[in-house]
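Heavy-atom basis, side chains included; hydrogens, waters and symmetry copies ignored.
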Amino acid sequence: MASPRAHHHAAASTRLLCDIEFGLSAYIVRVSLPDNSYLIISPPQEPPSERPPGDPESWMVTREHPDNRNCFEVLYDSTPCDDPNAAQRSEARHGGSAQPLTEAIGRRLDQLVLLPQPASPPAGGPGLQHLPSVPPAPAPGISPPSPPAPHPPRH
């Protein structure tokens, strides 16, 4: 079951800012992108669905730019096609599932080079090598281990 949390997950996984607008029967998420364009992520707005809130039957994601009307694209649309003679969109089989939605958003933003890049690993290599080693705290009621006895000098 997808919910506004799925939207938050999509934005959090890409480390982008978003606004969630709640309406009478639906919600819309607007995700700001580094090139000043934005994504609109929402379940279908019309006609109203019989499904319970937080369980949309499909998702629609568009990318728009406030200063460039030519910048409009549909990134993802899992709405089933009503026309039996028309080809179904590949996303339609996913319906309201959030995972394919977030994966499609990530792929397209990667193609557009609009995702923030992670920080480079430290010079010593990847991982947590730059953090100081801290021994774990003993469990309550258990004494911490004694430090090892010094070795006698060898001659």
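For Arg107, there are no salt bridge (charged side-chain N to carboxylate O under 4.0 Å, His left out) partners, not counting sequence neighbours. Looking at residues two or more places apart in sequence or on another chain, you find a side-chain contact (heavy atoms from CB on, under 4.5 Å) between Thr62 and Ile40, Met60, Glu64, Phe72, Val74. With sequence neighbours excluded, the residues forming a side-chain contact (heavy atoms from CB on, under 4.5 Å) with Ala86 are Cys81, Asp83, listed by chain and number. With sequence neighbours left out, the side-chain contact (heavy atoms from CB on, under 4.5 Å) criterion links Arg108 to Glu73, Leu75, Gln111, Leu112. Qualifying side-chain contact (heavy atoms from CB on, under 4.5 Å) partners for Cys71, counting only residues two or more places apart in sequence or in other chains: Arg63, His65, Asn68.
Pro56 and Tyr27 make their closest contact through CD-OH, 4.1 Å (heavy atoms, listed as atom of the first residue, atom of the second, distance). Of all heavy-atom pairs between Ser42 and Ile28, the closest is CB-CG1, 4.1 Å. In terms of heavy-atom proximity, Val29 sits nearest to Cys18 at CG1-CB, 3.9 Å.
The stretch residues 84-106 participates, sequence neighbours left out, in these salt bridge (Lys or Arg N to Asp or Glu O under 4.0 Å) pairs: Asp77-Arg89.
In terms of modelled atom types and a separation under 3.5 Å, the side chain of Trp59 and the main chain of Gly96 share a donor-acceptor contact.
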Please step through side-chain contact (heavy atoms from CB on, under 4.5 Å) for the pair Asp67 and Asn36, ending with a clear verdict. CA-CA 9 Å; Asp67 301 325; Asn36 293 327; 5.9 Å; no
Given side-chain contact (heavy atoms from CB on, under 4.5 Å), test Val31 with Ile105 step by step and report yes or no. CA-CA 11 Å; Val31 181; Ile105 291 171; over 6 Å; no
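Atom CG of residue Asp35 and atom CG of residue Leu114 lie 4.5 Å apart, to the nearest 0.5 angstrom.
Under the 3.5 Å distance criterion, with hydrogens and angles disregarded, a donor-acceptor pair is assigned to the side chains of Thr79 and Ser58.
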